Enquirer: 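Below is one structure. I have some questions about it.
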Amino acid sequence: MSSGDLSFERRIELPDMIAYAGATWDWHRLHYDADYLRERGLDRPVVDGQVFGAYLAIALRDWFGPDAVVTELSFRFKNLVFAGETIRCAGSVRGRDAGKVELDLRVEVVDDGRIAVAPASAVLTLP
């Protein structure tokens, strides 16, 4: 695997957001309530920022397999992402040593290239 080919895309729909809210008990109205959103000038529900950590973990597992262990994951939010948008998790290998791999990561919105999450990084232990 070269360092430039780590990419994972996922369209985030409202049912995905509701399932995540149920799993995390984050029921902030920003993520589902149309009237609440309209009062704040937003036309669509806002994706919960913590879900990007979950999508990065899914991408890491997709790239390195189910036996890889994420030992560190760090990320910073840059922009809002809305229901119905497709995100791309992208990564590049920064270093590899004795069963350990370090990566630089980012999450972007596919339609307009808006950066949703950056900087981000992860360390994995490989089997």
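Positions are given from 1, in the same order as the sequence printed here. All values below were derived from every heavy atom in this structure, side-chain atoms included, with hydrogens, water molecules and symmetry-related copies excluded. Quantities reported herein were computed from a predicted structural model and do not represent experimental measurements.
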Enquirer: Applying side chain to side chain contact (heavy atoms under 4.5 Å, CB included) to Ile18 and Trp27, what does each step give before you reach the verdict?
Expert: CA-CA 8 Å; Ile18 299 294; Trp27 293 107; 4.3 Å; yes
Enquirer: Salt bridge (Lys or Arg N to Asp or Glu O under 4.0 Å) with Arg88: which residues, sequence neighbours excluded?
Expert: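 Result, salt bridge (Lys or Arg N to Asp or Glu O under 4.0 Å) vs Arg88: Glu9, Glu108.
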Enquirer: Can you find a pair of side-chain heavy atoms, one from Leu14 and one from Pro45, that are under 4.5 Å apart?
Expert: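 Counting from C-beta outward, Leu14 and Pro45 do come under 4.5 Å.
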Enquirer: Which pair of non-hydrogen atoms, one from Cys89 and one from Ala59, has the smallest distance, and what is that distance?
Expert: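 Closest pair (atom of Cys89, atom of Ala59, distance): CB-CB, 3.9 Å.
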Enquirer: Do Val70 and Val93 sit in the same hydrophobic cluster, where Ile, Leu, Val, Met, Phe, Trp and Tyr count as joined when their side-chain heavy atoms come under 4.5 Å apart?
Expert: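 Yes, Val70 connects to Val93 through the hydrophobic network.
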Enquirer: Between atom OH of Tyr20 and atom CH2 of Trp25, what is the distance when rounded to the nearest 0.5 Å?
Expert: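 Here the interatomic distance stands at 15.0 Å.
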Enquirer: Is there a path of hydrophobic side-chain contacts, each under 4.5 Å between heavy atoms, that joins Leu105 and Val123?
Expert: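 The answer is no; the residues belong to distinct hydrophobic clusters.
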Enquirer: Group every Ile, Leu, Val, Met, Phe, Trp and Tyr by side-chain heavy-atom contacts under 4.5 Å, then state whether Val110 and Trp63 land in the same group.
Expert: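 No, it is not one cluster - the side chains of Val110 and Trp63 are not joined through contacts under 4.5 Å.
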Enquirer: Please answer whether the main-chain N or O of Ser92 pairs with a side-chain N or O of Asp104 as donor and acceptor at a distance below 3.5 Å.
Expert: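 No; zero donor-acceptor contacts below 3.5 Å.
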Enquirer: Between Arg29 and Leu37, what is the shortest heavy-atom contact and its length?
Expert: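 Shortest heavy-atom contact: O-CG, 4.4 Å.
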Enquirer: Is the backbone of His28 close enough, under 3.5 Å, to the side chain of Asp26 for a donor and an acceptor to pair up by distance?
Expert: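 At least one qualifying donor-acceptor pair exists.
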Enquirer: Any side-chain heavy-atom pair from Thr86 and Ile12 closer than 4.5 angstrom?
Expert: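 No, their side chains stay 4.5 Å or more apart.
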Enquirer: For the pair Glu85 and Arg114, find out whether any cationic side-chain nitrogen is under 4.0 Å from an anionic carboxylate oxygen.
Expert: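 Between Arg114 and Glu85 there is a salt bridge, with a charged N closer than 4.0 Å to a carboxylate O.
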Enquirer: What's the shortest heavy-atom distance between Phe77 and Val117, and which atoms?
Expert: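 In this case the closest contact between Phe77 and Val117 is CD2-CG2, 4.2 Å.
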Enquirer: What I'd like to find out is whether the side chain of His31 reaches to under 4.5 Å of the side chain of Val47, using heavy atoms alone.
Expert: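 Result no, sub-4.5 Å side-chain heavy-atom pair not found.
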Enquirer: Is the Lys NZ or Arg CZ of Arg40 less than 6.0 Å from the centre of Tyr36's six-membered ring, within 45° of the axis?
Expert: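 Yes - Arg40 lies over the ring of Tyr36, closer than 6.0 Å to its centre and within 45° of its axis.
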Enquirer: Looking only at non-hydrogen atoms, find the nearest pair between Ile115 and Asn79 and report the distance.
Expert: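 What the structure gives for the nearest pair is O-ND2, 2.7 Å.
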Enquirer: For Arg44 and Phe82, work out which heavy atoms get closest and say how close.
Expert: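 Distance-wise, the nearest heavy atoms are O-CD2, 3.6 Å.
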Enquirer: Rounded to the nearest 0.5 Å, what's the gap from OG on Ser121 to CD on Glu102? Could you check?
Expert: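 One gets 8.5 Å once the value is rounded to the nearest 0.5 Å.
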Enquirer: Could you check if a side-chain atom of Leu73 sits within less than 4.5 angstrom of a side-chain atom of Leu56, using non-hydrogen atoms only?
Expert: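 Leu73 vs Leu56: side chains touch.
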Enquirer: Regarding Lys100 and Asp97, does a basic nitrogen lie under 4.0 Å from an acidic carboxylate oxygen?
Expert: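 Salt bridge absent between Lys100 and Asp97.
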Enquirer: Could you go through the side chain to side chain contact (heavy atoms under 4.5 Å, CB included) check for Thr71 and Leu124 one step at a time?
Expert: CA-CA 5 Å; Thr71 58; Leu124 286 83; 5.9 Å; no
Enquirer: Would you call Asp16 and Arg10 a side-chain contact if the rule is heavy atoms closer than 4.5 Å?
Expert: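 No. Closest side-chain heavy atoms not under 4.5 Å.
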Enquirer: Of all heavy-atom pairs between Leu103 and Leu6, which one has the smallest distance, and what is that distance?
Expert: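 Smallest heavy-atom distance, with atoms named: CD2-CD1, 3.4 Å.
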Enquirer: Checking the side chain of Arg38 only, and the main-chain atoms of Asp43 only, is there a donor and an acceptor separated by less than 3.5 Å?
Expert: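 Judged by distance alone, no pair lies under 3.5 Å.
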Enquirer: I want to check something: taking the side chain as every heavy atom from C-beta on, are Val46 and Tyr32 in contact at a cut-off of under 4.5 Å?
Expert: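 SC-SC contact between Val46 and Tyr32 ruled out.
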Enquirer: Indicate if Leu126 and Leu60 have the same hydrophobic cluster label, given that clusters are the connected sets of ILVMFWY residues with side-chain heavy-atom separations under 4.5 angstrom.
Expert: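 Looking at the clustering, Leu60 is in the same group as Leu126.
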Enquirer: Determine whether Pro66 and Arg61 make a side-chain contact, defined as any pair of heavy atoms from C-beta on separated by less than 4.5 Å.
Expert: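 A side-chain contact under 4.5 Å exists here.
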Enquirer: Can you tell if the side chain of Phe8 reaches within under 4.5 Å of the side chain of Ile87, non-hydrogen atoms only?
Expert: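 A side-chain contact is absent here, since even the closest heavy-atom pair is not under 4.5 Å.
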